[in-house]
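Here's the structure, in structure tokens; my notes come after.
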2 protein chains.
Amino acid sequence: MASSIHDLARHLNISIGTVSRALNGRADVNADTRQRVLDAAKKLNYSPNQSGRSLRQGATHSIAFMLQPHPGDQQYGEPFFIPFLIGLQGRLAESGLDLTVVMGAPGDYQQERLRRVVETRRADAVVLAWTRREDERIDYLTETGFPFATLGRSRTGGKAYPSLDLDFEKAGADAVDRLVARGHRRIAAIRPSLDLNFGHLFLAGYRKALRRHGIEVDPALIADGFINEAGGYQVTPRVMLAKDRPTAIIYNNDAMALGGCKALAEMGIKPGQDMAVTVIVDTPLCRYFSPALTAFRPALEPMGRRLAEMLLASLPAFAGPEGPRIIREVWPLELIARDSD
Amino acid sequence: MASSIHDLARHLNISIGTVSRALNGRADVNADTRQRVLDAAKKLNYSPNQSGRSLRQGATHSIAFMLQPHPGDQQYGEPFFIPFLIGLQGRLAESGLDLTVVMGAPGDYQQERLRRVVETRRADAVVLAWTRREDERIDYLTETGFPFATLGRSRTGGKAYPSLDLDFEKAGADAVDRLVARGHRRIAAIRPSLDLNFGHLFLAGYRKALRRHGIEVDPALIADGFINEAGGYQVTPRVMLAKDRPTAIIYNNDAMALGGCKALAEMGIKPGQDMAVTVIVDTPLCRYFSPALTAFRPALEPMGRRLAEMLLASLPAFAGPEGPRIIREVWPLELIARDSD
DNA sequence: CGTTTTTCCGTAAACGTTTACGAGAACACA
DNA sequence: TGTGTTCTCGTAAACGTTTACGGAAAAACG
């Protein structure tokens, strides 16, 4: 069916070794025979069997991205990644690497799936997202020495791996600054209840900024819930019960903000009018919601490209002459002012 | 580093053949030795090298989904797929198959990428989406005999492959019926200008329903544009120029509807008030837009599961005792009435 | 006890590549 | 002519599996 390197060799009356060398552009092959090999390859529609190559070289030439839907979050969490993935695959393709997204079922925190990818050597490296403060995936990968990079930081105990994250701390502080400048002093913060690292960072920035403005941090104004619409809907009433009601709410997440606005509406409170609402991570939904939600926007596609470069730099096979390097970066979020605050 | 079947064999003082047989559950191996092998495998943390297996068996045990961002459509088209992919991978996993999403750059219509997947035998089958009326990918796959299934139909000249599609024709007709019942007679239709098959189906249903109601089809009320927000924004004014203005617009696509609503707003026309707006394929954006858009919703996750089953039934290695079967199905879209019409 | 069957396992080939090694031919140089 | 160098290519091993085949040992049978 599909032609192998043997067919090619037989057809040209030449040894398979020479064919392989010609195809792979090695120096020790006559320019003339190389051309003949290339022509024949095109004619016979030959392309090398990936399993064969991988087996021999011990490399798959593909990078795995672990995509992990959150439970009940089928709609929101992942669109976020598409532009990122476009950037990632674009850069990887330039280095001859494929990007394969390995899907998991919602819920299981992909530890098992990750093991499979690593142990069966389906990829040369993996890219992780939704990093947690304590992330067993990172522990596992560093232990086994399998190459990886993360979108998002973690609380790493001195482990070194390429990572690119957004400056959620600064965004949290910026959000507070902006609200204070507009006269607010009772500012609530709502974030996901999971151990997701960006939730912690956001809250740290929020706290720091409040203190800087001489505003006491009121625990009654801080809450967390499921990272989806239902979570925002459930948890918003809680901060509204504070004896001194908030006049502004910062949501860490678009889905939670949407659920929160629904809860506010049911209390007769109009976002952008009776209540300032800010979202940390912008998505298309923020833009089209009514009122349009003020949000902080990441540059997802460039981030994808950049993380690919960082990962490549850490791989011996792709690193420059100076050898592998580990890079970590934190990128800013851009404020997009809209109508909700 | 990673343990191979040889390590296992050496450790147990047994031949690799026996180890392999034990691991693969073949009958001709003593129950006792099998247990010893399994224990050792767990202890040495052994798992088979995928490249080795694939090479020997001629099968990769993975299915590829070709994800193709549309140009300028980084935000809208793909979230659509996530629930579908969840269903797809869920069912495939039950049969021991991995789902890998191969990303393409926006723009190139993935013919080249598809070739690579097929020729380098990176997957045992592929799943296509965004089928066109004339689809060269389908031609290519049927010619080469590579197994595949499609989300969406095509104008197949007698070619047989598993496919699952939504009943866009009926949705188009239903949309018209509903608008007519609400007193509209000047109904516009806006769809993507690409050769995407669902655009044709939608329009056919639209036309048929109009005729059934004795309403003449006015070409001035039919337009197409880029399948993104800018496209909807650009093309909407065109139908508004008809001498007899429409009182309702059906959009084939959420992004185009959003752009269209923006155009309408700039003309001082309020969707849901001065103009009925209906969208064929529902997404979260439709729900959160203001006014919330009436739309037709697909059951994406079950569709994913179903298409996986259909694909499996067409693969000799997975088909039941009756042998491979080719199935095609068309699923209904459910009307979600909201505020825009 | 001899013969047949069954059970279990080792041997080795095969999948399609890449690559270290060596050898023959051509060439350069003295 | 003899020696050393450079080009080019063939040979064969290796990557980690699976599996057809055959054979030894054990069991069953008469």
Side-chain angles (χ1 to χ4, degrees), chain A residues 1-38 40-41 44-62 96 116-124 317, chain B residues 1-38 40-41 44-62 96 116-124 317:
Chain A
M1 165 125 286
S3 59
S4 83
I5 205 174
H6 288 95
D7 303 327
L8 216 52
R10 206 173 318 127
H11 180 259
L12 289 168
N13 215 16
I14 233 179
S15 85
I16 62 165
T18 307
V19 175
S20 177
R21 279 190 300 265
L23 255 24
N24 292 358
R26 302 198 96 78
D28 56 348
V29 48
N30 185 291
D32 182 53
T33 48
R34 157 165 298 132
Q35 196 52 53
R36 283 177 40 225
V37 169
L38 292 176
L44 296 195
N45 196 18
Y46 168 80
S47 61
N49 180 302
Q50 192 53 229
S51 306
R53 305 193 76 203
S54 301
L55 179 56
R56 169 63 218 228
Q57 309 193 125
T60 64
H61 307 290
S62 76
R116 279 198 51 191
V117 171
V118 170
E119 290 176 358
T120 63
R121 271 132 282 172
R122 274 185 182 278
D124 297 341
Chain B
M1 168 124 288
S3 60
S4 83
I5 204 174
H6 288 95
D7 303 329
L8 217 50
R10 204 173 319 127
H11 180 259
L12 290 167
N13 215 16
I14 234 179
S15 86
I16 62 165
T18 305
V19 174
S20 177
R21 279 191 299 265
L23 255 23
N24 292 356
R26 302 196 96 78
D28 57 347
V29 48
N30 185 292
D32 181 54
T33 48
R34 155 164 302 130
Q35 196 51 54
R36 280 177 42 226
V37 170
L38 292 176
L44 295 196
N45 196 18
Y46 167 80
S47 60
N49 180 303
Q50 193 52 231
S51 305
R53 305 193 75 203
S54 303
L55 179 56
R56 169 64 217 228
Q57 310 194 125
T60 64
H61 307 291
S62 76
R116 278 197 53 194
V117 171
V118 170
E119 291 176 356
T120 62
R121 272 133 282 173
R122 273 184 182 279
D124 297 341

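Note that the coordinates shown come from a computational prediction; the quantities given were computed from them, not determined experimentally.
- By the salt bridge (charged side-chain N to carboxylate O under 4.0 Å, His left out) test, B:Arg116 is found to be paired with A:Asp98, residues two or more places apart in sequence or in another chain being considered.
- Every residue two or more places apart in sequence or in another chain that forms a salt bridge (charged side-chain N to carboxylate O under 4.0 Å, His left out) with A:Arg10 is listed here: A:Asp7.
- Nearest-nucleotide assignment on DNA chain D puts the 5′-proximal partner with A:Gly52, out of B:Leu23 and A:Gly52.
- With the nearest nucleotide of DNA chain C identified for both B:Val19 and B:Leu55, B:Val19 has the one nearer the 5' end.
- Nearest-nucleotide assignment on DNA chain C puts the 5′-proximal partner with B:Thr18, out of B:Thr18 and B:Gln57.
- Under the side-chain contact (heavy atoms from CB on, under 4.5 Å) criterion, A:Thr18 pairs with A:Ile14, A:Ser15, A:Arg21, A:Val29, sequence neighbours left out.
- Taking A:Asn13 as the reference, nothing meets the side-chain contact (heavy atoms from CB on, under 4.5 Å) condition, with sequence neighbours excluded.
- Residue contacts for A:Ile14: at a heavy-atom cut-off of 4.0 Å it reaches the sugar-phosphate backbone alone, with no base atom in range.
- Panel note: side chain B:Asp124, backbone B:His61; a donor-acceptor pair is recorded below 3.5 Å.
- For the atom pair CG of A:Leu55 and CZ of B:Arg56, the computed distance is 13.0 Å after rounding to the nearest 0.5 Å.
- Note on A:Gly58: nothing from the nucleic acid sits closer than 4.0 angstrom, heavy atoms only.
- When atom types are taken as modelled, the side chain of A:Asn24 and the backbone of A:Arg26 share no donor-acceptor pair closer than 3.5 angstrom.
- The stretch residues 25-36 of chain B touches DNA chain C through B:Asp28, B:Val29, B:Asn30, B:Thr33, each having a heavy atom within less than 4.0 Å of the strand.
- Note that CD of B:Gln50 is 4.0 Å distant from CZ of A:Arg122, once rounded to the nearest 0.5 Å.
- Residue A:Ser4 is classed as a sugar-phosphate contact, given heavy-atom separations below 4.0 Å to backbone atoms only.
- Along DNA chain D, the nucleotide nearest B:Arg21 and the nucleotide nearest B:Ser47 are compared for position; the residue whose nucleotide lies closer to the 5' end is B:Ser47.
- In summary, contact between chain A and DNA chain C, defined as any nucleotide atom under 4.0 Å from a heavy atom of the protein, begins and ends at C:dG16 to C:dA20 in the 5' to 3' direction.
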